[in-house]
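Single-structure report; data block below.
Every chain is numbered from 1 and lettered A, B, ... according to where its sequence line falls, protein lines coming before strand lines.
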Amino acid sequence: MTTDYKRYMVTAALPYANGPKHVGHLAGAYLPADVYVRYLRQQGKNVIFVSGSDEHGTAIPNQALKENTTPQTIIDKYHVLIRDCLAKLGVSFDIYHRTSEPIHHQTSQEIFLTLYKKGLLTEETSEQYFDEEANAFLADRYIIGTCPKCGHTNAYGDQCEKCGSTLSPKELINPRSTLSGKPPVLKPTKHWYLPLQQYEPWLKEWILESHKNDWKPNVYGQCKSWIDAGLQPRAMTRDLDWGIKVPLPHTEGKVLYVWFDAPIGYISATRALFKELSEGKKEFATPRSAFSNPQVDDWKPYWQHTDTKLVHFIGKDNIVFHCLIFPIMLHASGEYIVPANVPANEFMNLEGDKMSTSRGWSIEMHEYLEDFPTKPDELRYTLLTNLPETKDSEFTWKDFQAKNNNELVAIFGNFVNRALVLTQKHFENRVPVADTWQEVDRKVIDELKLFPERIAESIKAYRFREATAYLIDLARLGNKYLTETEPWKLAKTDLPRVGAVLNLALQIAANLSIVAEPFLPFTSKKLSEVLNFSSKNWSDAGNPSLLKANHQLGEAKLLFEKMEDEVIENQLKKLNDKKKGMELAATPAEPAKPEVSFDEFSKMDIRIAKILKAERVEKSKKLLKLQVDTGMDVRTVMSGIAEYFTPEEMIGKQVTILVNLAPRKIMGVESQGMILMASDKDGKLRMLQPSEAVAQGSKVS
RNA sequence: GGCGAGGUAGCUCAGUUGGUUAGAGCAUCGGAUUCAUAACCCGAAGGUCGGCAGUUCAAAUCUGCUCCUCGCUACCA
């Protein structure tokens, strides 16, 4: 795949504006994308890098409910927060847009209409929950009920926050509307579907055949899995009042599915970039390249010409949308190109556990920036050396400290400092003359010349961790050179030779300032100032005579500072405190279910029973088959508790059972009753037992 | 249960057209050095490449089975 591309269109996943984003998101998409793009710019390539806030979908109004405010307030708040954090961390978008902007609504509707007019969307009427009192279809989030997976009584229709399962409203037990509190009714509603299965042959050809070798195994594997499983028509519209209106008549209360419009946000952002450039505005745009005489329609080549290389940087949770659904949309429209690659990363864990904003186990970007406002590169470096490129990786604060102290300070910073201090001491802070090169110098120069290509190869192959390691290796080369030539000793006897050595050491430093730019842009800039050398052109890298003799150097300063144990201990403490805080905050009792009468309650016959036998159920992860003595009889109950209890520990236990629940066949076995369990906030189940043993069949009332 | 991705040195991770003593960084130990933020530089030690079987002259790498982790998905609570 060495096609000569005329331009590059690089996207980083649109962060969902329902909350702050953590460093796992950075490691997943934004940092690798930024390194890639910065490198391309240094190569003088024509490249545009876009992202923006994803502001539609059910979770936004959901979050608004939680924060007791409006969806608009939510997106305004998090759009600004995320945008500013990414900027402070050096992520160099040409534009950071947002999907609530009119131009995005327009673009999304255009693409929807293109598909519609080509007859590529199918109309289907299905049964959706409707609140008769509020006279509205209920979005998934407006339906609450008992989670079928963990028994949580206030699960949302799209997701159970207790166990994290993705749900559909119809799966909920005892659904009720959050608008009226009443049970909703099923009512037919019309939606437009994209028949994904029709594109299977194309997907097989495009991904399974032509990208077998150049896409990452994790990405390719997941695509194959989905394709092999058989694709289904997917609804492109929803009954919802928050989002982009469906551009067809008689569709009040219907919007485009958030996953339809979100990736289109990349296109809208590119459009917005050229619109602003052509009008001389910079509302969202922060162009990093000079665009000569930009026109409104200049976005088109980036999305429509086959000599453009389109690359999506995302986390693994987005693979199906970026590799299958969005490409199908683009392909089906007949007007757009599809991505050349989607180098999705896996997830980054934190201190041995999964990162999660809601559980408080995370390092949010804004939190890091508050505590380390002058250290964006230190975070970039730690993340880059440990990106989850092939499998989930792990961030620890101790590792952060070690990488900072042992690599950035001791190798990179120290090398530059050594060269500068010696130059100040012996040559009045000017680049000394290098008369002749000796054997040792020539060897170092030969090695130096290899670095830019080596680093570039890794970047081009999306191996950013490896590329970052090569960067440090260049500083290592410098340290080794100084140690071998020992200029501080020669200073007493052979000053011209010292000059030659320091000249070359400074040339290495200048090279570092160029090749470090994609990875450590702030350090690169600082180093440039110290050296009074500004070129960032990649083509200059590898050159051993970037700095002319007698060139005046700038004021020396340390590039990095050591991090003490205390700083790290504070962060660990902070992390644990935050987690505890979140657990407490999550504890408040959930709102009660709708009132029931005594008669309704007394219909339920709840008893204490003893478990006589318990066994696992073949082919089921969650079910135990129990024989229980109810005092009246011995019966079989299927219970979904296998993930929390072993059969052995259940035997002989007294539990609470609903005995007059209608029997139901589960996995081919008739279940006569239901074991009642207390589900903890993390979804864990606990038996409900009498405080002292009672007779089997004792009534609970 | 199905599918996908992983399981390689104390830690974090590389390593597939199968081929000589399996690599890097950090940590550890030893040496050398003092220009430098006690940093750098050199060297050593450290691995049944999850397990079992098979194909092969040769397996971390291919095949089958198996165990463990993660993700999606299914039965179900």
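- Comparing the C1' positions of B:rG23 and B:rG46 gives an interatomic distance of 13 Å, to the nearest angstrom.
- When the P atom is used for both B:rG50 and B:rU8, the distance is 6 Å, rounded to whole Å.
- Per the geometry, CZ belonging to A:F400 stands 16 Å off C1' belonging to B:rU12, to the nearest Å.
- The side chain of A:N479 approaches B:rC41 more closely than any other nucleotide in the set B:rU37, B:rC13, B:rC41.
- Residue-level contact check: A:R465 touches the backbone only, with heavy atoms under 4.0 Å from sugar-phosphate atoms and none from bases.
- The main-chain N or O of A:A344 is found under 3.5 Å from a side-chain atom of A:K216 such that the two form a donor-acceptor pair.
- Aromatic ring orientation, A:F464 versus A:F313: tilted (interplanar angle from 30° to 60°).
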With the criterion being N/O to N/O and under 3.5 Å, what pairs connect the protein with nucleotides 3-9 of chain B, and how long is each?
from, atom 1, to, atom 2, distance (Å)
B:rC3, O2', A:S225, OG, 2.7

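- When both pairing distances are held under 3.5 Å, B:rC40 makes no Watson-Crick or G-U pair with any nucleotide shown.
- Spacing between B:rG51 and B:rU34 at atom P, rounded to whole Å, works out to 48 Å.
- Here A:V421 lies in heavy-atom contact (under 4.0 Å) with sugar-phosphate atoms only.
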What protein N or O atoms touch nucleotides 42-47 of chain B N or O atoms at under 3.5 angstrom, if any, and at what distances?
from, atom 1, to, atom 2, distance (Å)
B:rC42, OP1, A:K480, NZ, 3.2

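- Looking only at atom types and distance, the side chain of A:Q627 has a donor-acceptor partner in the side chain of A:T636 under 3.5 Å away.
- For the pair A:L422 and A:N386, both in contact range of RNA chain B, the more 5′-proximal nearest nucleotide belongs to A:N386.
- B:rA9 sits 14 Å from B:rA60 when the C1' atoms are compared, rounded to a whole Å.
- In this structure, A:K316 places its NZ atom where more than 12 heavy-atom neighbours from other residues, nucleotides or ligands lie under 6.0 Å away.
- A:M674 comes within 4.0 angstrom of the backbone, heavy atoms only, and of no base.
- Counting only distance, with no hydrogens or angles, the side chain of A:R380 and the backbone of A:L520 share no donor-acceptor pair below 3.5 Å.
- Taking atom P in both B:rA5 and B:rU16, one finds a spacing of 15 Å when rounded to whole Å.
- Under the Watson-Crick or G-U wobble criterion, with both distances below 3.5 Å, B:rC70 is paired with B:rG4.
- When the P atom is compared between B:rA27 and B:rA36, the two are found 22 Å apart, to the nearest whole Å.
- Of the residues in residues 500-513 of chain A, none lies under 4.0 Å from RNA chain B by heavy-atom distance.
- Protein atom CG of A:L420 is 12 Å distant from nucleotide atom P of B:rU37, rounded to whole Å.
- Nucleotide B:rA45 has no partner under the Watson-Crick or G-U criteria, as no pair reaches both atom distances under 3.5 Å.
- Nucleotide B:rU69 holds its C1' atom 15 Å from the CZ atom of A:F347, rounded to whole Å.
- With a 4.5 Å cut-off on side-chain heavy atoms, A:H312 and A:F326 count as touching.
- In this structure B:rC65 sits in a base pair with B:rG51, meeting the Watson-Crick or G-U test at under 3.5 Å.
- Judged purely by distance below 3.5 Å, without hydrogens or angles, the side chains of A:E389 and A:Y462 never pair a donor atom with an acceptor atom.
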Problem set entry | Criterion salt bridge (charged side-chain N to carboxylate O under 4.0 Å, His left out) on A:E529 and A:K525, from CA distance to verdict | CA-CA 6 Å; A:E529 288 163 9; A:K525 185 161 179 285; 3.4 Å; yes

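- Between A:F400 and A:W397, the ring-plane angle classifies as perpendicular under the 30° and 60° cut-offs.
- Residue A:E486 qualifies as enclosed at atom CD: its count of foreign heavy atoms under 6.0 Å is above 12.
- A distance of 6.0 Å or more separates the ring centres of A:F519 and A:F412.
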For this session: Could you please spell out the steps behind the ring-ring contact (aromatic ring centres under 6.0 Å, His included) verdict for A:W259 and A:F321?
Result: CA-CA 7 Å; A:W259 268 110; A:F321 293 101; 3.7 Å; yes

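- Taking the C1' atom of each, B:rU20 and B:rU33 are spaced 37 Å apart, rounded to whole Å.
- B:rU61 and B:rA53: their P atoms are spaced 14 Å apart (whole Å).
- In the model, A:Y481 has a side-chain atom that pairs as donor or acceptor with a side-chain atom of A:D441 under 3.5 Å.
- Between A:L575 and A:E351 there is a side-chain heavy-atom pair separated by less than 4.5 Å.
- A:E346 and A:N218 share a side-chain donor-acceptor pair at under 3.5 Å.
- Counting to the nearest Å, the P atom of B:rC11 and the CZ atom of A:F395 are 19 Å from each other.
- One interatomic measurement links the two molecules: CG of A:L477 to P of B:rC40, which rounds to 16 Å at whole-angstrom precision.
- Remark: B:rG25 base-pairs with B:rC11; criterion is Watson-Crick or G-U wobble with both hydrogen-bond distances under 3.5 Å.
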Tabulate protein N/O versus nucleotide N/O from nucleotides 22-26 of chain B, keeping only pairs under 3.5 Å, one per line.
from, atom 1, to, atom 2, distance (Å)
B:rG25, O3', A:R476, NH2, 2.9
B:rG25, O2', A:E407, OE2, 3.0
B:rC26, OP1, A:R476, NH2, 3.4
B:rC26, O3', A:N406, ND2, 2.8

Problem set entry | Worked check of side chain to side chain contact (heavy atoms under 4.5 Å, CB included) between A:L379 and A:L26 | CA-CA 10 Å; A:L379 179 63; A:L26 268 180; 3.9 Å; yes

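- As a whole-Å value, the separation of A:D392 CG from B:rC72 P is 11 Å.
- As judged by a 4.0 angstrom heavy-atom cut-off over every strand, A:S671 is placed among residues making no nucleic acid contact.
- Cation-pi contact between A:R418 and A:F415: absent, since separation from the ring centre below 6.0 Å together with deviation from the ring axis within 45° is not met.
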For this session: Evaluate side chain to side chain contact (heavy atoms under 4.5 Å, CB included) for A:T485 paired with A:Q438, printing each intermediate quantity in order.
Result: CA-CA 10 Å; A:T485 53; A:Q438 297 185 358; over 6 Å; no

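- Looking only at atom types and distance, the side chain of A:N503 has a donor-acceptor partner in the side chain of A:Q507 under 3.5 Å away.
- Base pairing analysis places B:rG18 opposite nothing; no Watson-Crick or G-U wobble pair with both distances below 3.5 Å involves it.
- Residues A:L408 and A:K403 fail the side-chain proximity criterion, which asks for heavy atoms closer than 4.5 Å.
- A heavy atom lying under 4.0 Å from RNA chain B marks the following residues of residues 554-564 of chain A, by number: A:L558, A:L559, A:F560, A:K562.
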Identify all pairs in which a protein N or O lies below 3.5 Å from an N or O of nucleotides 31-34 of chain B, and state each distance.
none

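- Using modelled atom types, one finds no donor on one side chain facing an acceptor on the other under 3.5 Å when comparing A:N386 with A:E394.
- Residue A:E447 contributes atom CD, which lies 13 Å from atom P of B:rC41 at whole-angstrom precision.
- In this structure, CG of A:L626 is placed 17 Å from P of B:rC76, rounded to the nearest angstrom.
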